[in-house]
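In what follows, chains are A, B, ... by sequence order, proteins preceding strands, each numbered from 1.
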2 protein chains.
Amino acid sequence: MHAECTLGSSASFPSGVCGIYAGHRFVGETYSHECYHAGLRSQLMDIREIASRAKVSTATVSRTINRVPTVDPQLAKRVWKVVDELGYYPNSVARSLVSGRSRVFGLIVSEITNPFFPEIVQTFENLAVQNNYEILLTSTVYDSKRMELSVRRMIERRVDGVAILTFGMEDSLIEHLHFRKVPLVFVDVGPNLPRVSNICINYKNGIRQAVQHLAALRHTRIAFVSGPPHLKSALARRRAFEESMEEIGLDPALIVVGDHTVEGGIRALVEIAGKRNRPTAVLCSNDMTAIGVMGEAYQRDLEIPRHLSVVGFDDIRLAQFMIPPLTTVQMSQPELAKIAFDALMNEVERDEPLRGRTDYQMNTNLVLRQSTALAPQRATTRHSKS
Amino acid sequence: MHAECTLGSSASFPSGVCGIYAGHRFVGETYSHECYHAGLRSQLMDIREIASRAKVSTATVSRTINRVPTVDPQLAKRVWKVVDELGYYPNSVARSLVSGRSRVFGLIVSEITNPFFPEIVQTFENLAVQNNYEILLTSTVYDSKRMELSVRRMIERRVDGVAILTFGMEDSLIEHLHFRKVPLVFVDVGPNLPRVSNICINYKNGIRQAVQHLAALRHTRIAFVSGPPHLKSALARRRAFEESMEEIGLDPALIVVGDHTVEGGIRALVEIAGKRNRPTAVLCSNDMTAIGVMGEAYQRDLEIPRHLSVVGFDDIRLAQFMIPPLTTVQMSQPELAKIAFDALMNEVERDEPLRGRTDYQMNTNLVLRQSTALAPQRATTRHSKS
DNA sequence: TTAATCTCGCAACTCCATTTGCAACTTGCC
DNA sequence: GGCAAGTTGCAAATGGAGTTGCGAGATTAA
């Protein structure tokens, strides 16, 4: 008898299955023997196997596993013992079929490789695990076919709710989901319908802080690199910038159109660097843009923050590892994920749907790091054309 | 009749469901009327609904949807029309139950927020979509409870295969999966068992290139920041470094133990910077470590690459956006994901399992960017203590 | 002792799509 | 006309767990 379960040698397998339910160890001999017979029928054990081995009915096994309080503790113990020894795991496919609930939440993002999302996915998964849910992660990659597929996949798998964290979703697709009474949660763009939750982001707060921070550092020529113009959240950020600038009497006209990508940031800096009377600070609509700006600045020997201050938006995890670490407006991804998850859970557990949308609020805040500094004096401005 | 499907007003809903199958539009009147009756029974449409509406049997609907070639094209057309108009999506939960295959692959990673993984997840998902699979993404977050849970979740959901891209998985857990005849794919550490695939990474190739690249730039004192010592892949990288150094007659003794995190990289640079006869180049066991090294170098006014050359490993997407862009050894994540996915597909489609493990090979290669340069002359070495 | 209360087993039915054997039907072809 | 081949319908069964009504047995309370 081996002291450990090892996988390398074929001789040691099957040496028994270590129960995951309660951590009990299985007695090898009986197991491989019995399973041989059971195995002939089809595959492995089902609820009936457990029932016959524990000498109870399938109903009792079902009650035990689902922790119905009326089962006799003695019996329950017997059942759990068998479950544990055999390493029985209830088939959640069958469970879903009968219960009509899959215990799966869909999560639609635009691209998993966009650094904004992994943190969200992680938090979402953590919450899912805690609540015995799974997540069905889907990305649209900015492609309408893929969006359609995303929705189809969600519906086919009968998810219990969907968090739509991407933008530019077509209404007809959302209608598909809503028609099937699937709870939905959106960021900013949630329609006013039953079973819909909407997370409203307060962009203004963080952006105002950023603008005032720059102003305090004596920057007056502050550029803004926007996101794609069709994106509602990008527009909101831009508006927040304009309002914040006007609030303190600065000119908000220095706006360069970006696209929320690193490449967009690079192009933006090219444009900004070419301006006469070059801005001394750049506020970016997201961190990826800021990363592009910083990269291109490096290539042009524009030192950050000495020659140019840069502020991002989102506070993706990598912002703090940039060189220099990026000052940015934090829109907490874990918080966003938690709100989204809780919104779906609330909706799932609600007895009867509300009349309309449920709203949630989320704030944004400036995080100071090292990519901002006092505005350079006129005289020391590099590449000055005047 | 509205020209568009809009979601805002309740009056326009339900205005019909835009078919996703073929993109046909539905005729509103009949729909809401009929669905009202159908809705009384339970929820929505099932295969019987389709059958009765198309005036065929459920068997025919099933054959049609599953594209059995013997169905009459006329009939098929009629069925598809109804399917399309009603926006019917077959219930894959029920399908899975009857077929015994869930069309879900598990994907176990250590942390989704580790930048190494998103690219893999994205590629994996793309392949899954192409093959009508879903992915069940699970993270272990270096916690044994979570590992156990990961395995349990995979088994309960009856996944058709699992890609285990994390390390330090306990054998007993793997046994659980293997016992249930679930195809598995590993990186480096796959046991020699049926239905197991193993992706062997050729670390040596890329690391040798990196070492020789540094040597060619006249670096002789090259440090290595290793990964966690218990990690097999980290050990392999370290061995590859040692061998590559010895090959060309350099001393491979300058090894600092890291842990594959940014913080580990920071600590490593602190240690390296404190050495007398400081190394002029650092090769890191992964990119996160290199990012930490670069960050700390920045804080200490050590300029990269002028005073110190840095090379990473993995080539995560962000490596190219570092300042300066990071020279690193590429271990292509999309390729890895593709090999893993294909391995699972091969295993699923195989009629009878092979006797033992299937091996796949993957190479690594140096990618030159801007974090390496000629070794500084003795005279200009900063912080020189001699 | 009798009645009331529990707990459990039994067996049938549900969820939904798929599969299958058998019967009925339509074709085509000799 | 008649036989063969090809389609389709029908009805029953499958998959695994959950649910339920009913009745048997055991326990407790009155």
### Task
Examine dA17(C): is either OP1 or OP2 under 4.0 Å from a nitrogen or oxygen in the side chain of Y89(B)? Give yes or no.
no
### Message
Would you say S57(A) places a side-chain N or O within less than 4.0 Å of OP1 or OP2 belonging to dC10(C)?
### Response
no
### Query
Of R78(B) and R63(A), whose nearest nucleotide on DNA chain D comes first from the 5' end?
R78(B)
### Task
Could you pick out which residue, T60(B) or V93(A), lies toward the 5' side of DNA chain D when each is mapped onto its nearest nucleotide?
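Its nearest nucleotide lies further toward 5', so the answer is T60(B).
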### Message
Ring-plane angle category for F105(A) and F124(A), please: parallel below 30°, perpendicular beyond 60°, tilted otherwise.
### Response
perpendicular
### Query
In terms of the angle between their ring planes, are H176(A) and Y89(B) parallel, tilted or perpendicular, with boundaries placed at 30° and 60°?
perpendicular
### Query
So what does V71(A) touch, heavy atoms closer than 4.0 Å: a base, only the sugar-phosphate, or nothing?
sugar-phosphate
### Task
Could you tell me whether the side chains of R146(A) and N126(B) share a donor-acceptor contact shorter than 3.5 Å?
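Judged by distance alone, the side chains do pair up.
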To the side chain of [X], which of [options] is closest?
| X | options | result |
| --- | --- | --- |
| D46(B) | dT7(C), dG18(D), dC16(C) | dC16(C) |
| L75(A) | dC8(C), dT18(C), dG15(D) | dC8(C) |
| A59(B) | dG15(D), dT7(D), dC10(D) | dC10(D) |
| A94(A) | dA17(C), dC15(C), dA17(D) | dA17(D) |

### Task
Nearest whole angstrom, please: distance from the C1' of dA17(C) to the CG of N66(B).
9 Å
